[in-house]
Amino acid sequence: MLSATYIALIPLLPLASFLLIGLLGKRYLKMASGPIGTLSLLLSCALACITAFQYFFQAGRVNGVFEKITVFKFAWLNFSPNVSIDMGLVLDPISVMMILVVTLIALMVHIYSLSYMKGEERVSTYFSFLSLFTFSMLGLVLASNIFQMYIFWELVGLSSYLLIGFYFDKPSAVAAAKKAFIVTRFADLGFLIGILILSFHAETLDFTTLISRLSTPGSPWLLSISSASFMGFSLLTWGLVLLFVGGAGKSAMFPLHIWLPDAMEGPTPVSALIHAATMVVAGVFMVARMFPVYALSCPAALQVVAWTGAISSLFAALIACTQTDIKRVLAYSTMSQIGYMMFALGVSGYGGENGLGYTASLFHLFTHALFKALLFLGAGAVIHYVHSNELSKMGGLRKHIPITHITFLVACLAIAGVPPFSGFFSKEEILMASYQHNFPIYCIALFTAGLTAFYMFRLYFSIFWKKELSADSHAHGEGGFAMMFPLVLLALFTLGAGFIPFGKFISSDGLPLTSEVHLGFSLIPVLLSLCGIFMAMAFYKKESTLPDKAATVLGELYKASFNKFKIDEVWLKVTKGFLFGIVGRFAAWFDKSIINGAIDLGASFAEVVSDTVRMLQTGKVQDYAACVLAGVLSLCLYFLYVWM
Amino acid sequence: MGTDFFILMKSELSLAIILFVLIFIKVFREDMSNASLFRLVNILLLLNLIVGFLCNSKGELFGGMFRTDPVIGFEKSILNLGILLISLQSLEWSKLQKHFAEFYMLLLSTLLGMFFMMSSGNFLMFYLGLELSTIPLAALSSFDFNKMKSSEAGMKLILSSAFSSAILLFGLSILYGCTGTLEFNALAPLISSVDHLQLLAFILIFSGFAFKLSTVPFHFWTADVYEGSPVAVTAYLSVVSKASVIFILLTVLYTVFRNLGAAWYDLLAILAVISMTFGNLFALRQDNIKRLLAFSSITQAAYLLVGITEGSILGWSSVIYFILIYLCSNFALFGVVSFVSARYNKEMIADYKGFYATNPFLSWVMVLALFSLAGIPPTAGFFGKLFLLTSAATKGNTLLIIFASLNMVASLYYYLRVVKAIFIDKNENPIEKTPLPLSLYLSLGVCIAGVLMLGIFPGVFQYIYKLF
Amino acid sequence: MNSLFLIVLWPALSALAILLCKGAKQVRTASLVASAIQLGLTLYIAFEYYTLRRAGDHSPFMMQSNLNWFPQFGISLHMGIDGISLAMLLLTSVVVLCGVLVSWNISYLTKEFYFLLILLSMGAYGFFISLDLFTLFFFLELAVIPKFMLIGIWGSGRKEYAAMKLALMLMGGSALILIGLLGVYFNSHTSGGLPTFDLLKLSVVHIPRNAQHILFPFLFLGFGVFTAIFPFHTWAPDGHSSAPTAASMFLAGISMKLGGYGCIRVACLLMPEAAQYYGPAIIVLACIAILYGAFATMMQKDLKYINAYSSVSHCGFVLLGIAMFTQTALIGAVMQMVSHGLMTALFFAVIGMLYERTHTRMTADMSGLLKIMPFLGTVFIIAGLCSLGLPGLSGFVSEMTIFMGSWQRPDAFHRIATILACASIVVTAVYILRAAGKVLMGPISNEHFRSLKDAAWNEKLASVILILSIVLIGVAPFLLSGLIRPGAFEIMKTIANATVLN
Amino acid sequence: MNAIPLQHILLVSTGLFFIGIYGFLTRRNLITMLMSIELTLNSVNINFVAFNRYLYPTKQDGLFFVIFVISIAAAEAAVAIAIIINLYRKYKTIDAEGADTMRF
C-alpha cells in the first residue's frame with residue numbers, strides 16, 4: 001500500500017495550491033494559476049488511482065471484506081475523555097471510489113476551465129476557490145470522524161458560496177450564492193443536532209465505533225438511544241432523520257432544493273464539478289457511510305429517505321420538462337438522478353442479495369457523475385458558442401460544433417438508460433432493487449425514467465436540430481483543445497463505465513455481490529425510454545406547433561411545472577415575510593422602544609423627581625426653619641414610638 | 001501647668017499668635033499691600049502646619065474642659081492644611097478686596113473656635129467652640145460687600161445657625177436636667193436607652209450637629225450660603241467646618257452616647273440614606289457650579305455618616321482618611337472655580353464648555369478632582385468611599401450598602417455632566433488661556449498629589465490607623 | 001516583584017511616557033512600541049507558565065505574588081494566573097496592539113487618545129491577573145474614565161448620549177458588583193479570622209446558603225451588565241457604534257469579557273450553590289440574548305450596530321456556556337470569549353477602515369466595494385465567516401465546544417436551550433451574508449468610491465495579526481483548550497462538590 | 001421657697017421656647033425674628049437655672065452655662081444686626097420674604 005504521507009497528499013495538494021494561488025495569485029502568478037491548479041489536481045488524481053488500484057487489487061480482501069484502513073488520526077479538539085473531534089483519513093470501498101470520482105471530475109473541470117475562463121480577469125481567485133473546493137470535498141470523503149465530516153461539509157458549503165458568487169457584480173449571482181449558503185446552513189443545523197444526539201448516546205464521534213455501537217443489535221448504547229423517545233419517535237430515529245435532513249439540504253432533496261437551480265449563476269465548469277458530480281452527492285455519500293445504522297437499527301428513517309428520494313426525482317423530472325434555460329434543465333435532471341440514488345439506498349436492505357439497492361445507488365452515483373459532468377461541460381461549450389442560456393436562441397448546431405454534438409448525444413443516451421451506455425446498467429440495477437422491495441416506488445421510478453428520456457432529448461433536439469441558425473453570426477469555432485479533450489475523455493468513460501462489475505467492489509456488507517442483467521425485466525424501462533425519445537423527436541426535431549398544443553392540453557399542470565410549483569415563493573414568504581418581517585422587525589422595534597425606552601424613561605423620571613424636589617429650596621429662611629423643625633419633630637416621633 | 005500647657009495647647013496658641021500679628025499689622029502697618037500680606041500670612045500658616053505635626057501628646061487641661069490626644073492632634077493638622085490651601089488659592093480674589101486682613105482674622109478665629117470644639121471634654125466648651133466657629137463664618141460669608149447675594153447668604157447663615165443652636169441648647173438643658181452634669185466622661189454611665197427624655201435630648205442635640213453637617217432635613221441653608229458667599233469661604237464651609245463637626249460628633253457618640261448605640265446607629269443609617277438620595281436628586285439638575293458643589297458636599301457628608309455607623313477604630317480611621325481625601329479633591333476643584341470666578345466672574349457649568357482647549361492643566365485638575373469625588377479609581381476618592389462602605393459592611397447592614405452603591409451611580413451622573421462640559425462640548429468663547437500665579441500652582445499641586453497618591457500608596461492610612 | 005506585576009506596571013509606565021513625548025508622530029511610535037513590548041511580555045509569561053506546567057507544577061494558580069496593600073481591611077495585591085486568565089491576557093494584548101495600529105490617523109488630541117487607550121488596557125490587564133476581590137474591583141472601575149472620555153471626545157453620532165449611557169450603566173453594574181463583594185466580605189467573617197477580600201481564602205470559606213441566594217444575583221447581574229446580558233444590553237449598541245474604532249474594538253473585544261471572566265471567577269467560584277440554583281434563569285436570559293440579539297441584528301442598517309448586536313448575541317453564548325455547569329461547556333465559554341474578542345475586534349477594525357474611506361456606515365449607501373478594495377473586502381468576509389462559525393476559524397471551535405458541553409445536560413430544558421442556541425447559527429449566517437452581500441458585492445453604486453485606495457500598512461498589519469490568531473485557534477484548537485482545561489477543572493470541582501451538598 | 005413645683009417652671013420655659021419658635025417662623029420682619037430667637041435662648045436659660053436649683057443644688061454647672069449663653073446670645077445678636085443692616089443697604093427691605101434671590 002502507499003505510505004500514509006502519499007495518501008495524505010491527495011487532499012493536501014489542492015489545499016497547498018489553494019494557499020499558493022490564493023495568497024500570491026493576484027499579483028505574481030496571474031497567468032500561472034490555471035496550470036498550477038491543474039498540475040496539483042493531476043498529481044492527486046494519479047495518487048488516487050494508485051491508491052484505488054492497490055486498495056482493491058493488491059491489498060485484497062481480509063476474511064472476505066475490504067477492511068477499513070485508518071491512514072492516520074490525531075486528536076484535534078477533545079471535549080471529554082472519550083468524545084473528541086480527531087482529524088484522520090480512512091480508506092474503505094466507498095471512500096476510495098469517491099476520491100477517484102472527485103479527483104477525476106475535478107481534473108476534467110480544471111482542464112476545461114483553462115480555456116473556458118481564459119479571458120476572465122479574476123482567474124487566479126477562480127482556481128484558488130476550485131482547489132479549496134476539491135480539498136474540502138476530499139476531506140469530507142476521507143473523514144474518519146463524524147464531526148470532521150461536518151467541518152469539511154461546511155467548507156464545501158463555503159466554497160460553493162464563493163464559486164456561485166464568483167461574478168459578484170451581478171446582483172442575481174450574489175443573491176443565489178447567499179440563498180445556497182443559507183439553505184445548506186439551515187440543513188447543516190439539522191446535521192449538527194443529529195450529530196449531538198447520536199454522539200451523546202454512543203459516547204463517541206469516531207465513525208467506526210459509532211456505527212458498530214449503534215448497529216450491533218444488543219449493544220447498551222443502542223438500547224439507551226432507542227429507548228429514549230421524544231414526541232413519539234425514538235431518539236435514534238430523530239438523530240438519523242436529522243442527519244438525513246443535513247444530507248437532503250446538500251443534495252437538494254425535495255423541500256430544500258430551491259437553491260440548486262439558482263446555483264447555475266456560477267460559471268458552468270463550477271456547475272459541472274460542484275452541482276452535478278461531487279457536492280450534491282455528499283448527502284448520498286453520508287447516508288451510505290451511515291448505512292449499517294440506517295438499515296439495521298432504524299428502518300423508519302430508511303423509509304423517510306426512500307420516499308423523499310422518490311418524490312424529489314418525480315418532482316424534478318416534471319419541472320425539467322418545461323424549463324427553457326438549459327443549465328436549469330440539467331440542474332433539475334441532477335436533482336432527479338440524485339433522487340434515484342436516495343431511494344435506491346432507501347429501499348435497500350443490509351447484506352447479501354437484498355443489499356442490491358446500496359450497490360446500485362453507488363454505481364449510479366459513479367456513472368451519473370461521469371455523464372452529468374459531460375452534459376454540463378457540453379452545455380458550457382454550447383453557451384460559450386451561443387453566448388446565451390436560452391433554448392430559443394439555439395438550434396441546428398450539429399454542423400457548427402460537431403464534437404460537442406457527438407459527446408452530448410452519448411451523454412443523453414446514457415442518462416436516458418439506453419442499453420450499451422453506462423446509465424442503463426446502473427439505472428436497471430436501481431429498478432431491480434426497487435422492484436424487489438417497494439413496488440409503488442418502482443412505478444414512480446419507471447415513470448420518471450420515461451420523463452428523463454423525454455426532457456433530455458427535448459434538450460438535445462432543441463439545441464442541435466430544430467431550426468437552421470445563420471452561420472455567420474458566430475465566427476469563432478468550437479473552443480480549444482482544452483475544452484474538447486475533457487468532453488471526449490468523459491464520453492469514453494460513459495461508454496466503458498457500465499461494464500465495471502461494481503458489485504465486486506462495493507456492497508452493503510462488504511461481501512462481493514454478482515449482479516447480471518435480466519433481459520426480460522429490463523425490457524420495460526428500455527421501451528419506455530425509447531418512446532420518450534421518439535416523443536421528443538416528434539415534438540422538437542423540426543419547427544412544429546406540437547409543443548404548444550401539448551401545453552394547452554396539459555394547461556394547469558404545464559403552468560405549475562413551469563413556475564416550479566411555487567416552492568420558491570413559499571420559502572420566500574416564510575423567511576422574508578415571517579422571520580425578517582415579523583420577528584426581526586419586532587425584535588428591533590422591541591429593543592429600540594421598550595428596553596431603550598425603559599432606560600430613558602428611568603432617566604427622565606429621575607429628572608422629573610429632581611425638578612419637583614428642587615422646589616423645596618424656596619429661598620426663604622423661614623421655610624428652611626420650618627423644614628428643620630419638621631425634621632426634628634418627625635425624628636422625635638419616629639424614635640419615641642416606632643423605635644421604642 | 002507650665003510646659004505641658006504649652007505642649008497641649010500648642011495649635012491653639014500658634015493660631016492666637018498669628019491673630020495678634022494680624023491685629024498688629026492692621027493697627028500699625030496700614031500701608032502693607034494685599035500681596036505682601038498674602039505672602040506673610042501664608043508663611044505663618046505654613047509654620048502653624050509644621051507646628052501641628054510636632055509632639056502630639058495625650059492630656060487634659062482646665063479640669064477636663066480641654067483634652068487632646070494624637071488623633072485630635074492629627075485632625076487639627078488636617079484643618080491647618082485646609083486653611084493653608086484656602087489662603088494660597090485666594091490671591092486672585094484678594095486683589096478685589098480692601099479689608100483683606102479682616103478676612104484672615106475672621107477665618108483664623110473660626111478655626112480657633114473649631115479647635116476648641118474638637119478638643120472639648122465638656123458640653124459647655126463644646127457650645128463655646130461651636131458658637132465661636134459659626135458667628136464669624138456668617139460675617140465671612142457676607143464679606144463680598146458689592147454683591148447682593150453675599151449679604152443674603154450671611155443673613156441666612158446667621159439666622160439658621162441661631163435657630164439650630166437654640167434647639168441644641170434646649171436639648172442640652174434637658175440632658176442636664178436628666179443627668180445633672182455636662183462632663184463627657186461623667187455623662188457616659190448615666191445615659192441609658194430606656195429613658196425617653198434622654199432620647200429626646202439626644203435627638204435635639206444631634207439636630208444641632210446635623211445642621212452643621214447639613215444632612216438633609218437640616219440642609220436647606222447650605223445651597224444658598226454656598227452660592228452667595230465668596231468661593232474661599234464656600235470651600236472653607238464645605239470642608240473644614242464639616243470636618244471639625246464630624247470629629248467632635250465621633251467623640252460625642254463614642255464616649256457620651258455609647259449606651260444609646262442601637263438608637264444612633266439607626267438614626268445615622270436613616271439620615272445617611274435620606275441625605276444621599278435627596279442630595280443627589282437636588283444636584284442632578286443644577287447649573288451653577290457652586291450650588292452643584294453644595295449638594296455634592298451634602299452627599300459626601302452622608303457617606304461620612306455611613307462611616308460613623310461602624311463604631312470601631314477601623315470606622316474612625318476610615319472617616320479621617322476620607323475627610324483628608326475629600327479635602328484634597330474639594331480644594332482642587334474650588335481652587336480652579338475660585339480663580340475662574342474671581343478673574344472672569346463665571347460660575348455656571350455652561351461657562352466651562354471647551355475649557356480643555358484653552359487651559360489643559362486646570363481641566364485635568366478639575367477632572368481628576370471630580371472623579372475623586374465620584375469615587376472612581378485611580379483617584380483616592382475610590383479608596384475613601386470604599387473603605388467607608390467596607391467598614392459599614394462589617395456591620396452587615398445590606399440595605400444601607402445597596403443605597404450607598406446605587407447613589408454612587410446617581411452622583412456619577414452630575415459629575416460627568418461637568419466633565420462632559422469641560423472636555424466634550426464646544427464653545428465659541430471659552431475661558432481664555434491665563435497664566436496662573438505660583439501660589440495657585442502650589443496649592444493645586446498639593447491637592448492633585450493628595451488625590452493621586454493617597455489612594456494607591458497605603459502609607460497615610462497605616463499612619464492614621466497607628467494613631468489609635 | 002515577578003513578571004506578573006510587570007504586566008500591570010508596564011502599561012502605567014508607557015502611559016506616562018506617552019504623556020511626555022511631543023508631536024503626534026512620536027506619540028504613535030511610542031504607543032506602538034509599548035503595546036508590542038506588552039504583547040512580548042504576555043507571550044513570555046505564557047511561555048514561563050507553559051514550562052512551569054510542563055515541569056509538573058499543578059497548583060491551581062501559578063506565579064503568585066502577594067504583598068499586602070491595606071491589611072486592616074484584608075486587602076492585598078494578590079496576583080496570580082491560571083489557564084483562563086492567561087488566555088484573556090493574550091487576547092487583551094493582541095486586541096490592544098491592533099487597536100493602536102488601527103487608530104493611526106487620529107489627528108485630534110492624539111496624545112490624550114493613546115494615553116487613555118493604554119490606561120484602558122491597564123485596567124483589563126490588572127483585572128485578569130488579580131486574585132483579590134478589591135484589586136479586581138479597582139481595575140474593573142479603572143476603565144470607566146477612559147471609556148467615557150474616548151467615546152465622548154473622539155466618538156461620532158450621538159456620542160454624548162452614548163458615552164453618558166455607557167458610563168452610567170457600567171457604573172450601575174459595578175455598583176451591583178460592589179454590593180455583592182461587600183456581602184461576601186461580610187460573610188467571610190464566619191471563618192473566625194479577620195474578614196478578607198482574598199479570592200483563594202474566600203473560595204475555601206463556605207458562605208451560608210441564604211446569603212448566597214441573596215448575593216449571587218447582585219454579583220452575576222453586575223458582571224452580566226458588562227457582558228450585555230439581556231435586559232441590560234442597551235448600552236452595547238449605542239456605545240459601540242458611537243465609539244472610535246480602537247475604543248469599540250476594546251469595548252466589544254475585551255470589556256465584555258471582563259464580565260464573563262468575572263462571572264466565572266467570582267460568581268460561580270465563590271457561590272456554587274446559588275450558581276446551581278440560578279442556573280436555569282441565566283440560561284433563559286442567555287438564550288433570549290442569543291436569539292433576540294440575532295434577530296434584532298437583521299433589521300439594523302448601520303454596520304456598527306450590526307456588529308454590536310451580534311456581539312450581544314455571541315456574548316449570550318458565553319453566558320450559556322457558563323450557566324450549563326459542565327466542564328466542556330465552561331471551556332467552550334472561555335474559548336468563545338477569546339474567539340469573539342478577536343473576531344469582533346477584526347470586524348470593528350474593518351468597519352472603522354471602511355468608515356474612514358467612505359464616511360458612511362449605512363449598508364444602503366455602500367455596494368461593490370470588493371472590487372475597489374480587495375484586501376479590505378477579504379478581511380471583511382473573513383471576519384463575517386468567523387462570526388457565523390465557519391470551521392477553520394475560531395468561531396466554529398468555541399461554539400461547537402459549547403454545544404457539546406451543554407448537550408451533556410440530559411434533561412429537556414437544557415436540550416431545548418441548546419437547540420435554540422444552535423438555531424442561532426442560521427440566523428447569524430443570514431445577517432452576516434446580507435451585510436457582506438450588500439456592502440461588498442453587487443455593482444458599484446457610488447462613482448467616487450472608485451477612487452478609494454486600499455488598506456495602508458498599519459491597517460494591513462493589524463488585520464493580519466488578528467486573522468492569524470483567529471486561524472491559529474480555528475486550525476489548532478487543542479492549544480487553547482489544553483490551556484484552559486486545568487482552570488476549568490478547578491472551577492468545576494468547587495461547583496461539583498457544591499451539588500453534593502444541596 | 002420651694003412652694004412652686006419644678007413642673008410649673010418647666011412648663012413656662014417650654015411654652016416660652018415654642019412661642020419663640022412660632023415668632024421666628026411667622027414674623028415677616030428680620031429684627032423681630034432675632035428677638036424671637038432671644039426668647040428661645042432665654043427659655044433655655046430658665047431651664048438650666050430651674051434644673052440646677054431644684055435637682056442639683058450642690059453644683060453650679062447650670063449657672064455657668066447660663067452666663068455663657070447670655071454672653072454668646074449678645075454677640076450673636078450684634079453680628080446678626082450688622083448683617084441685617086448690610087442687607088437693608090442692598091435690598092432696601094428687611095422683609096424675610098424679600099431676600100430670596102437664590103433658590104432652587
Side-chain angles (χ1 to χ4, degrees), chain B residues 122-125 127-128 130-132 134-139 141-143 145-163 165-183 186 223-228 282 285-288 290-291, chain D residues 6 10 13-14 17 20-21 24-25 30 33-34 36-41 43-52 54-56 58-59 61-62 64-69 71-73 75-91 94 96 98-104:
Chain B
N122 184 319
F123 271 114
L124 178 59
M125 175 61 90
Y127 176 67
L128 258 177
L130 183 70
E131 285 308 317
L132 180 54
T134 43
I135 294 171
L137 257 186
S141 73
S142 54
F143 209 78
F145 297 113
N146 43 35
K147 276 206 192 119
M148 282 180 55
K149 283 190 177 180
S150 177
S151 51
E152 183 191 332
M155 180 274 287
K156 282 185 180 166
L157 181 59
I158 190 74
L159 284 178
S160 309
S161 68
F163 181 77
S165 62
I167 293 174
L168 172 77
L169 277 176
F170 192 72
L172 276 180
S173 64
I174 295 171
L175 187 70
Y176 177 69
C178 304
T179 55
T181 164
L182 290 167
E183 189 59 46
D224 300 351
V225 171
Y226 281 27
E227 186 187 352
F282 276 119
R285 304 276 287 161
Q286 292 304 339
D287 298 331
N288 180 317
K290 278 161 80 181
R291 259 184 110 78
Chain D
L6 181 59
L10 290 184
S13 74
T14 327
F17 180 77
I21 287 180
F24 182 81
L25 292 183
L30 285 173
M33 282 164 74
L34 257 181
S36 42
I37 289 289
E38 295 311 323
L39 270 181
T40 38
L41 290 175
S43 77
V44 166
N45 291 344
I46 296 167
N47 252 351
F48 266 111
V49 168
F51 284 130
N52 192 34
Y54 277 82
L55 300 177
Y56 314 101
T58 55
K59 292 193 296 259
D61 290 358
F64 287 132
F65 210 96
V66 164
I67 295 159
F68 280 101
V69 165
S71 58
I72 290 173
E76 195 172 25
V79 170
I81 289 167
I83 290 171
I84 289 168
I85 291 162
N86 185 345
L87 189 94
Y88 179 75
R89 232 182 256 121
K90 303 246 179 57
Y91 280 84
I94 50 164
D100 61 355
T101 50
M102 292 188 284
R103 53 177 177 271
F104 313 133

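No hydrogens, no waters, no symmetry mates; every other heavy atom, side chains included, goes into these values. Numbers restart at 1 for each chain; the letters A, B, ... are given by sequence-line order, proteins then strands.
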* Which atoms of I37(D) approach chain B - backbone, side chain, both or neither, heavy atom under 4.5 Å -> side chain
* To do: With the side chain counted from C-beta on, respond yes when N52(D) and D61(D) share a heavy-atom pair under 4.5 Å apart, and no when they do not.
  => no
* With a 4.5 angstrom heavy-atom cut-off, could you sort out which part of N146(B) is near chain D: side chain, backbone, both or neither? => backbone
* Answer with side chain, backbone, both or neither: which region of A223(B) has an atom nearer than 4.5 Å to a non-hydrogen atom of chain D? => neither
* To do: For residues S151(B) and I83(D), report the shortest heavy-atom separation together with the two atoms involved.
  => O-CG2, 4.0 Å
Considering only distance and modelled atom types, tabulate donor-acceptor pairs under 3.5 Å from the side chains of residues 166-173 of chain B, sequence neighbours left out.
{"residue": "S173(B)", "atom": "OG", "partner": "F170(B)", "partner atom": "O", "Å": "2.5"}
{"residue": "S173(B)", "atom": "OG", "partner": "N47(D)", "partner atom": "ND2", "Å": "3.2"}

* T40(D) versus chain B, heavy atoms under 4.5 Å apart: side chain, backbone, both or neither? -> side chain
* Output all residues satisfying ring-ring contact (aromatic ring centres under 6.0 Å, His included) with Y56(D), sequence neighbours left out; order by chain, then residue number. => Y176(B)
* To do: Please flag which part of F65(D) lies under 4.5 Å from any non-hydrogen atom of chain B: side chain, backbone, both or neither.
  => both
* Asked: Which one, G154(B), A153(B), A162(B), S142(B), leads in non-hydrogen pairs under 4.5 Å with chain D?
  -> A162(B)
* Structure fact -> For S165(B) and E76(D), the nearest pair of non-hydrogen atoms, with its separation, is OG-OE2, 4.0 Å
* Of all heavy-atom pairs between I174(B) and F51(D), which one has the smallest distance, and what is that distance? -> CA-CE1, 4.4 Å
* **Interchain contact, L30(D) with chain B, by part (heavy-atom threshold 4.5 Å)** => side chain
* Which of M148(B), R285(B), Q286(B) touches chain D most, by non-hydrogen pairs under 4.5 Å -> M148(B)
* Asked: Where does S141(B) contact chain D at under 4.5 Å (heavy atoms): side chain, backbone, both or neither?
  -> neither
* In terms of heavy-atom proximity below 4.5 Å to chain D, should E183(B) be classed as side chain, backbone, both, or neither? -> neither
* Quick one: are Y91(D) and E152(B) in side-chain contact, heavy atoms under 4.5 Å? -> yes
* Are any of the side-chain heavy atoms of V225(B) and L137(B) separated by less than 4.5 Å? -> no
* Of the listed residues (T179(B), T134(B), N122(B)), which shares the most heavy-atom pairs with chain D below a 4.5 Å separation? -> T179(B)
* Which heavy-atom pair separates A80(D) from I158(B) by the least distance, and what is that distance? -> CB-CG1, 3.9 Å
* To do: Check each atom of F24(D) against the heavy atoms of chain B and say whether the ones under 4.5 Å are side chain, backbone, both or neither.
  => side chain
* What part of R103(D) is in contact with chain B, defined as an atom under 4.5 angstrom from a non-hydrogen atom: side chain, backbone, both or neither? -> backbone
* To do: Pick one of side chain, backbone, both or neither for K147(B), based on which atoms fall under 4.5 Å of a heavy atom in chain D.
  => backbone
* Considering only heavy atoms and a distance below 4.5 Å, find which of D100(D), L55(D), L41(D) pairs most often with chain B. => D100(D)
* **Toward chain D, the part of F282(B) with a non-hydrogen atom under 4.5 Å** => neither
* Side-chain ion pair, R291(B) and E227(B), N-O less than 4.0 Å -> yes
* Could you look at S150(B) and say if it's the side chain, the backbone, both or neither that has a heavy atom under 4.5 Å from chain D? => neither
* To do: Return the minimal non-hydrogen interatomic distance between M155(B) and A99(D), and the atom names on each side.
  => CE-CB, 3.7 Å
